[in-house]
Amino acid sequence: CDPPVQDSFHYEGGVVEYVRYINKNKEVLHPDPIYFSAVKNDNPLETASVEVVLQYNDGYSENVFTYANNINTIEGGSHLAGFRAAMTRVINDYARKFKILKDSDQNLTGDDIREGLSAIISVKLTEPQFEGQTKAKLGNSDMRSFVDKLMSVKLSEYLEEHPAVGKLIVEKALAASRAREAARKAREATRR
């Protein structure tokens with residue numbers, strides 16, 4: 001009896017290279033993608049890990065891809081919700097702390113903050129719960145808080161240690177916010 005044939009798929013550089021590939025024809029705001037990872041093993045029956053990579057470019061679209069156990073969750077789910085909540089909160093806190101946003105200014109919206117963002121969120125977990133038959137959306141509620149906590153801690157630390165990158169990200173989001181506001185005023189003016 002022959003031993004079973006095994007295929008192993010490995011991409012040197014993993015998710016970091018994937019983000020570089022997404023941005024290959026774009027002008028990036030910071031040369032190195034930002035990478036965070038964490039493992040949750042407080043319960044031996046349910047282990048989980050997360051990898052997050054993000055890099056901003058000068059474009060206007062958001063390219064965020066999510067995976068659960070290497071399955072492309074095209075409709076996102078709890079891991080994406082945690083990522084988005086933390087991104088919005090951390091960038092706004094950073095902008096206020098360094099007086100880039102004044103006290104009278106409104107918070108930046110999640111859409112403003114994610115403009116020009118390319119990111120990969122990859123979670124691996126023992127008991128994935130998908131919504132629907134197509135496995136397009138991850139439903140594990142604990143993944144939201146797990147990803148949110150990782151992003152809150154690591155992104156805050158990263159921005160503190162890389163103020164030049166932090167400033168570029170906030171300025172990009174501010175430009176998006178101003179453009180959105182100008183478009184709203186233009187729509188209102190044409191309706192009058």
Side-chain angles (χ1 to χ4, degrees), residues 15-16 19-20 22-23 25-38 50-66 73 75-121 123 137-138 141-192:
V15 286
V16 174
V19 166
R20 281 199 169 110
I22 294 167
N23 281 333
N25 295 325
K26 299 178 179 89
E27 190 69 39
V28 294
L29 296 191
H30 46 101
D32 295 320
I34 303 166
Y35 173 83
F36 310 122
S37 66
V50 60
E51 287 184 291
V52 175
V53 186
L54 53 111
Q55 185 178 41
Y56 279 86
N57 61 61
D58 63 355
Y60 303 105
S61 60
E62 171 189 354
N63 287 304
V64 177
F65 299 96
T66 60
T73 47
E75 292 175 21
S78 53
H79 50 337
L80 179 61
F83 171 82
R84 285 182 166 173
M87 278 290 294
T88 304
R89 191 177 56 252
V90 169
I91 299 295
N92 274 300
D93 289 351
Y94 180 83
R96 293 220 181 270
K97 182 177 180 180
F98 291 98
K99 307 282 186 246
I100 304 168
L101 273 182
K102 309 287 180 266
D103 290 343
S104 59
D105 293 340
Q106 282 190 324
N107 267 358
L108 298 162
T109 67
D111 287 339
D112 296 336
I113 289 167
R114 293 188 308 271
E115 186 174 288
L117 173 66
S118 295
I120 307 294
I121 305 146
V123 297
K137 190 171 185 180
L138 184 67
S141 57
D142 58 327
M143 280 294 109
R144 180 185 172 124
S145 56
F146 181 43
V147 175
D148 188 317
K149 189 175 175 186
L150 167 80
M151 285 297 296
S152 295
V153 172
K154 297 289 190 179
L155 185 58
S156 297
E157 285 175 4
Y158 180 89
L159 294 173
E160 291 280 335
E161 293 167 10
H162 302 85
V165 174
K167 193 167 189 265
L168 287 170
I169 291 170
V170 172
E171 284 172 356
K172 171 91 173 142
L174 270 171
S177 177
R178 288 188 199 108
R180 181 177 45 78
E181 195 56 31
R184 185 187 64 78
K185 286 179 179 165
R187 278 194 305 277
E188 284 177 5
T190 52
R191 285 184 186 138
R192 277 189 227 118

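For clarity, every value in this text was computed on a predicted model and none was experimentally measured.
Applying the side chain to side chain contact (heavy atoms under 4.5 Å, CB included) criterion to Val28, with sequence neighbours excluded, gives Asn23, Gln55. Listed by chain and number, the residues in a side-chain hydrogen bond (donor to acceptor under 3.5 Å, both in side chains) with Glu115 amount to none (sequence neighbours excluded). Listed by chain and residue number, nothing satisfies the side-chain hydrogen bond (donor to acceptor under 3.5 Å, both in side chains) test with Tyr158 (two or more places apart in sequence, or in another chain). Thr88 meets the side-chain hydrogen bond (donor to acceptor under 3.5 Å, both in side chains) test with no other residue; sequence neighbours excluded. Residues satisfying the ring-ring contact (aromatic ring centres under 6.0 Å, His included) test with Phe98, not counting sequence neighbours, are Tyr94. Qualifying side chain to side chain contact (heavy atoms under 4.5 Å, CB included) partners for Ser61, counting only residues two or more places apart in sequence or in other chains: Asn63. Not a single side chain to side chain contact (heavy atoms under 4.5 Å, CB included) links Lys99 to another residue, sequence neighbours left out. Shown here are the side-chain hydrogen bond (donor to acceptor under 3.5 Å, both in side chains) partners of Asp105, two or more places apart in sequence or in another chain: there are none. Partners of Arg144 according to the side chain to side chain contact (heavy atoms under 4.5 Å, CB included) rule, which considers only residues two or more places apart in sequence or in another chain, are Ser78, Ala81, Ala85. Not counting sequence neighbours, the partners of Arg184 by the salt bridge (Lys or Arg N to Asp or Glu O under 4.0 Å) test are Glu181, Glu188.
For the salt bridge (Lys or Arg N to Asp or Glu O under 4.0 Å) condition, the pairs that include at least one residue of residues 155-166, sequence neighbours left out, are Lys97-Glu160.
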List the atom pairs, donor and acceptor, that lie under 3.5 Å between side-chain atoms in residues 165-172 and the rest of the protein, sequence neighbours left out.
| residue | atom | partner | partner atom | Å |
| --- | --- | --- | --- | --- |
| Lys167 | NZ | Glu171 | OE2 | 3.1 |
| Lys172 | NZ | Asp58 | O | 3.3 |
| Lys172 | NZ | Gly59 | O | 2.5 |

